[in-house]
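To keep things clear, I will list the structure first and then write my remarks on it.
Here is how names work: the chains are called A, B, and so on, in the same order as the sequence lines, proteins then strands, and each is numbered from 1. Atom set for the values below is all heavy atoms of this structure, side chains included, hydrogens, waters and symmetry mates excluded.
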There are 2 protein chains.
Amino acid sequence: MSETNADDIDAADGTAEQADSGTANEAIMEATYRALRTHGAADLSVQAIADEFDKSKSLIFYHYDSREDLLSSFLAYLLENFKNRVAASEITDPVTQLDGLIDSLLYGPDDNESFQIAMLELRSQAPFNEAYRDQFRRNRAYVHRLTARVIDCGIDDGVFAPVDPDYIATLLLTMIDGARLQLVVLGDETILDTTRAAIDDRLDETLFAEQTPSD
Amino acid sequence: MSETNADDIDAADGTAEQADSGTANEAIMEATYRALRTHGAADLSVQAIADEFDKSKSLIFYHYDSREDLLSSFLAYLLENFKNRVAASEITDPVTQLDGLIDSLLYGPDDNESFQIAMLELRSQAPFNEAYRDQFRRNRAYVHRLTARVIDCGIDDGVFAPVDPDYIATLLLTMIDGARLQLVVLGDETILDTTRAAIDDRLDETLFAEQTPSD
DNA sequence: ACTGGTTAACTAGATAGTTAGTGAGTGAGA
DNA sequence: TCTCACTCACTAACTATCTAGTTAACCAGT
């Protein structure tokens, strides 16, 4: 980790571009995003990132200790962005909320595929890189908690059957991961809709099941 | 593609090491397998593969046009191996067969994790490499057909409810993919058992459901 | 003599990270 | 107010290393 990364981003709070000190990191993060989309992650050179904004490659090494530091900071930046987006979304009833969450995880949150490809590349490097792995764990833990909490709310409200929220959340995220993997790797455009249907089937049988204890 | 790859492997039929011409390719494939396990796929140099057997790096370029050709041939080799293993397995009742298939896809077929990591790395390169992508598509198509066929048999035998075999197969493979991804990326050892349980739940509700048409 | 398998040595290109420096601003002391 | 010391953001140019792929040649068997 460098001296100047995640904390600045935390402070920037998603609506940066006002403080002079925050701008550089923000600009680098945005350049990284663009570079990942166009080059992928595996053969993404630091030069390629530098080309995406108006400063030099050296500046990147001035702000970040290494390419690895830069990329894991980028993952942290993504998580913060996602958190902010979630925090900004309106709170509705659990059914709508769960529905929206599934949709955004399955189809979004980033509308374009090339970025998802890059994220998969980074994920495939997680086993060799503790910083990446930790970031992905954090990310996953956050989304898992979020999902479980929505389910829990639904149970409390009586609109969902009393299931194990953790178990259902795990199951949902596993299916979503599998679907996105297949979309990205094989380019199978049908898989998202099929999976969405399968998830709905599944939820109908568990969350929305009539409570008929057969014992 | 080089002049000398998949067809030789086809002919070798999994039990090579007898013909002089087949030995080289077979040896390279095995060296590739070992090298992938120890180095991963992303920073796997041709030299690293050469180090895994007793011949020189140049020989690899003599047999394969490029690193890419070598790796996509390796994917083809893997599929052939898997086919042979499936062909060699005993044919039992659909229930046992489906059960074994799920287990081998989820926990196996290669007992060690480092190889699965390498395969994920290769998959993450599929979007940039048509040869890889085609191989993975072939692979997926084969496993899908295999799964669907087993389910179909079960339906014919009357032990499974009349479901859509394609749909169930897609669903199974998606969950299995998602679980393996999480295992490999996050090192979550619990996910396989959880997913296995979820699959069993799911199959209980569909394949083994009592036929009670409520209409 | 010719072919197929095999090799050492080399080329060419890429890239992470370093170095040594520039220049604009800032604050303290005279 | 001037200026000296110092720092921060920033850069061009360089180094060191790695690696895919090539070349030219060697050798054993036929």
Result of checking A:Ile168, A:Asp164, A:Val163 against A:Asp166 for side-chain contact (heavy atoms from CB on, under 4.5 Å):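 Exactly one option meets the side-chain contact (heavy atoms from CB on, under 4.5 Å) with A:Asp166, and it is A:Asp164.
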
From [atom1] of [X] over to [atom2] of [N], roughly how many Å is that when rounded to an integer?
X: A:Leu70; N: C:dT15; atom1: CG; atom2: P; answer: 15 Å
X: B:Asp43; N: D:dA20; atom1: CG; atom2: P; answer: 10 Å
X: B:Tyr64; N: D:dA20; atom1: OH; atom2: C1'; answer: 17 Å
X: B:Glu68; N: D:dT19; atom1: CD; atom2: P; answer: 18 Å
X: B:Gln47; N: C:dC10; atom1: CD; atom2: C1'; answer: 14 Å
X: A:Asp69; N: C:dA16; atom1: CG; atom2: P; answer: 14 Å
X: B:Phe61; N: D:dG21; atom1: CZ; atom2: C1'; answer: 5 Å
X: A:Ile28; N: D:dC10; atom1: CD1; atom2: C1'; answer: 11 Å

Qualifying residues under side-chain hydrogen bond (donor to acceptor under 3.5 Å, both in side chains), relative to B:Asp51, sequence neighbours excluded: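 Listed in chain order: B:Gln47.
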
Looking at CD1 of B:Ile199 and CG of B:Leu105, how far apart are the two atoms once the value is rounded to the nearest 0.5 Å?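 So the gap between those two atoms works out to 9.0 Å.
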
At what distance, to the nearest 0.5 angstrom, does OG1 of A:Thr38 lie from CD of A:Glu52?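 Answer for the OG1-CD pair, A:Thr38 versus A:Glu52, is 4.5 Å.
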
Is any side-chain N or O of A:His63 closer than 4.0 Å to OP1 or OP2 of D:dC10?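 Answer is yes, contact under 4.0 Å.
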
Would you work out how much the helix from C:dA1-D:dT30 to C:dA30-D:dT1 bends between its ends, with each end axis defined by five base pairs, to 10 degrees?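 End-to-end axis angle for the helix from C:dA1-D:dT30 to C:dA30-D:dT1: 20°, rounded to 10°.
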
Name the nucleic acid region contacted by A:Ile49, choosing base, sugar-phosphate or nothing; use a 4.0 angstrom heavy-atom cut-off, strictly under.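 Nothing, no nucleic acid heavy atom in range.
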
Could you check A:Asp99 against A:Arg196 for salt bridge (charged side-chain N to carboxylate O under 4.0 Å, His left out), going step by step and ending with a plain yes or no? CA-CA 10 Å; A:Asp99 205 60; A:Arg196 179 71 231 222; 2.8 Å; yes

Specify whether A:Phe74 and A:Phe115 have parallel, tilted or perpendicular ring planes, treating 30° as the upper limit for parallel and 60° as the lower limit for perpendicular.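 Geometry flag for A:Phe115 against A:Phe74: perpendicular rings.
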
Nucleotides 11-13 of chain D: which of its N/O atoms have a protein N/O under 3.5 Å away?
residue	atom	partner	partner atom	Å
D:dT11	OP2	A:Ser56	N	2.6
D:dT11	OP2	A:Ser56	OG	3.1
D:dT11	O5'	A:Ser56	OG	3.4
D:dA12	N7	A:Ser58	OG	3.4
D:dA12	N6	A:Ser58	OG	2.6

Identify whether the distance between the nearest side-chain nitrogen and carboxylate oxygen of A:Asp177 and A:Arg140 falls below 4.0 Å.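 Result for this pair is yes, salt bridge flagged.
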
By nearest atom, which of the nucleotides C:dG17, D:dA20, C:dT6 is closest to the A:Arg67 side chain?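 So the nucleotide nearest the side chain must be C:dG17.
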
Taking B:Leu106's backbone N and O only, do any of them form a donor-acceptor pair with B:Arg180's side chain (distance below 3.5 Å, no angle check)?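 Indeed, once roles are kept as given, a pair shorter than 3.5 Å links the two residues.
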
Are any non-hydrogen side-chain atoms of A:Asn25 and A:His63 less than 4.5 angstrom apart?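 Yes. Closest side-chain heavy atoms under 4.5 Å.
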
